[in-house]
Amino acid sequence: MEAFAIRGGQPLSGETQVYGAKNAVLPVLAATVMVEDTCVIEGVPDLEDVRVMLAILEALGARVERSGETVQVDARYLHSTQVPPELMRRMRSSVFLMGPLLARFGEVSVSKPGGCVIGQRPIDFHLRGMRALGAAVEEKHGYIRCTANRLYGTHLTLDFPSVGATENLIMAAVLADGVTVIENAAREPEITDLADFLNRCGARVEGAGEDQVRVTGVHHLHGAVHRVIPDRIVAGTMMIAAAATRGRLVLRGACPEHLGALVNKLREMGVRVEISRDIINLESPGCLRAVDVRTAPYPGFPTDLQAPMMALLTTAQGTSVVRERVFEARFKHVNELARMGADITVDWQTAVVRGVPRLTGAVVEATDLRGGAALVIAGLMAEGNTRVEGLHHIDRGYQQIDVYLRDLGADIVRL
Ligand code: UD1
């Protein structure tokens, strides 16, 4: 089993470049199955989740070619509308294929995605939306099958601005008859990116990035070239890691306007953050102030940065209160941080973090992607040696995080 060996205490220092966003590229790749033509997607990160998505596209019959960070997908001759269960199990985001396959072929079958350590993660909004668009949805023996002769534009209101449901329903509506309006839609930049890609292919999606999205159905999509947006969560993780080690960082190729909530919090803590176009300059003083953090749908503080932020807060001066408002069980990293000397108490969806002078190295285990990143950051901050296990979680969303951190002076080795 792979692990990271980290010798902490070294401030990060240097420059790094942000790569394309996992959460943008996954729905974009799923959307290519609606296009009876070749699509070229640029800025595709080399991540386990992306490899699984490409394997699914191939299993459905698409021709996929990858050359560095460019992926070409030709989905003209698909021969299946069933997402292979063994691949579905390896990645929750395969649920994104539901909307596009249903839109193009009038049928799709996927195995039910399971819950995971950060919460139950139901897909009831997705299914309710598919039904409202005119699909028959059958759930049996762990499988979900959706069928429809045609999909018809409709008015949908989400109970919560779910990112995945907004994306899946936009994709389902793109080839439907008439106009679909999605109210209380999520506003994350990855949704705008998906809409930009679809519009390049000839779709008519308006209002992405706002809470009301309007999709006017078209008959056909054509091929397009699209570059995915930079990964704001990777950018945020690197910024937090630099602040946590009291280091300095120049981040290139980022989209600072996607990072507003984090930048505000870091500044509130006393970190110096300067922004000029796509470059973020960050410098951390030795002593940082505690702050309260409350996760929320975009443009609020991203739930995906809650765990990394908590690692940073463990050694801030004072007491921080972290409220997780998006997922109901996203504090699995707390016990591991406690092994390293962090002083954190959790009550349901609230964590109280009392700053300690320093963390100390320990053996810890990642049980989810962003919680794993938090443990790496804690290892970089800690006195002595840390071993982080469960790397497959971290590799799902960070491209060679050890190499990127080593370039910034970290003492981290993959064992
Ligand atoms: C996406 C991101 C994930 C991020 C999350 C919130 C991708 C691939 N993943 O996940 O990194 O943490 O947004 O920013 O883009 N919910 C329901 N029913 C549904 C759908 C969602 O109850 O049908 C609930 C979820 O359980 C959760 C909340 O809504 O409590 C938000 O989930 P959602 O925005 O859908 O997250 P994902 O799209 O799964």
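Whatever order the structure lists them in is the order used to number ligands and atoms, beginning at 1.
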Numbering as shown, the atoms of ligand 1 that approach Arg330 to under 4.0 Å (heavy-atom distance): 12 (O)

Could you tell me which atoms of ligand 1, counted from 1 in the order shown, lie closer than 4.0 angstrom to a heavy atom of Ile123? 19 (C), 23 (O)

Please confirm whether the backbone N or O of Ala242 pairs with a side-chain atom of Arg248, one donor and one acceptor, at under 3.5 Å? no

At a non-hydrogen distance cut-off of under 4.0 Å, which region of Arg370 contacts ligand 1 (side chain, backbone, both, or neither)? neither

Looking at every heavy atom in both Thr16 and Leu251, which two are closest together, and how far apart are they? CG2-CD1, 3.3 Å

Given Asn168, Val163, Thr295, Leu194, which one has a non-hydrogen atom that is nearest to atom 34 (O) of ligand 1? Val163

Return the option from Phe327, Tyr298, Phe125 holding the heavy atom at the smallest distance from atom 23 (O) of ligand 1. Phe125

What part of His126, side chain from CB on, backbone N/CA/C/O, both or neither, has a heavy atom under 4.0 Å from ligand 1? both

Sub-4.0 Å heavy-atom contact, Pro122 with ligand 1: yes

Glu365 and Lys332 ion-paired at < 4.0 Å: no

Do Glu167 and ligand 1 have an N or O pair less than 3.5 Å apart? no

Check ion pair Lys22-Asp304 (N to O, under 4.0 angstrom): no

Using a 4.0 Å heavy-atom cut-off, which part of Ala165 comes near ligand 1: side chain, backbone, both, or neither? neither

Counting only heavy atoms closer than 4.0 Å, does ligand 1 sit against the backbone of Thr303, its side chain, both, or neither? side chain

Residues Asp46 and Arg51 bridged, charged N to O under 4.0 Å: yes

Would you say Ser109's side chain and Arg145's backbone share a donor-acceptor pair under 3.5 angstrom? no

For Gly164, the ligand 1 atoms with a heavy-atom partner under 4.0 Å come out as 35 (O), 38 (O)

Of the side chain and backbone of Val326, name the one, both, or neither that has a heavy atom under 4.0 Å from an atom of ligand 1. both

So for Glu324, does at least one of its heavy atoms come nearer than 4.0 angstrom to any atom of ligand 1? no

Any luck finding a side-chain donor-acceptor pair between Thr345 and Arg354 under 3.5 Å? yes

Residue part near ligand 1, for Asp304, under 4.0 Å between non-hydrogen atoms: side chain

Val228 backbone acceptor or donor facing Asp193 side chain under 3.5 Å: no

Is there a donor-acceptor contact under 3.5 Å from the side chain of Gln212 to the main chain of Glu183? no

Considering only heavy atoms, which of Asn23, Leu158, Leu369 lies nearest to atom 7 (C) of ligand 1? Asn23

Go through the steps for Arg63 and Glu65 under the test salt bridge (Lys or Arg N to Asp or Glu O under 4.0 Å), then give the verdict. CA-CA 7 Å; Arg63 272 189 46 201; Glu65 274 173 43; 3.2 Å; yes

If you count the atoms of ligand 1 from 1 in the order shown, which ones are under 4.0 Å from a heavy atom of Ser93? 8 (C)

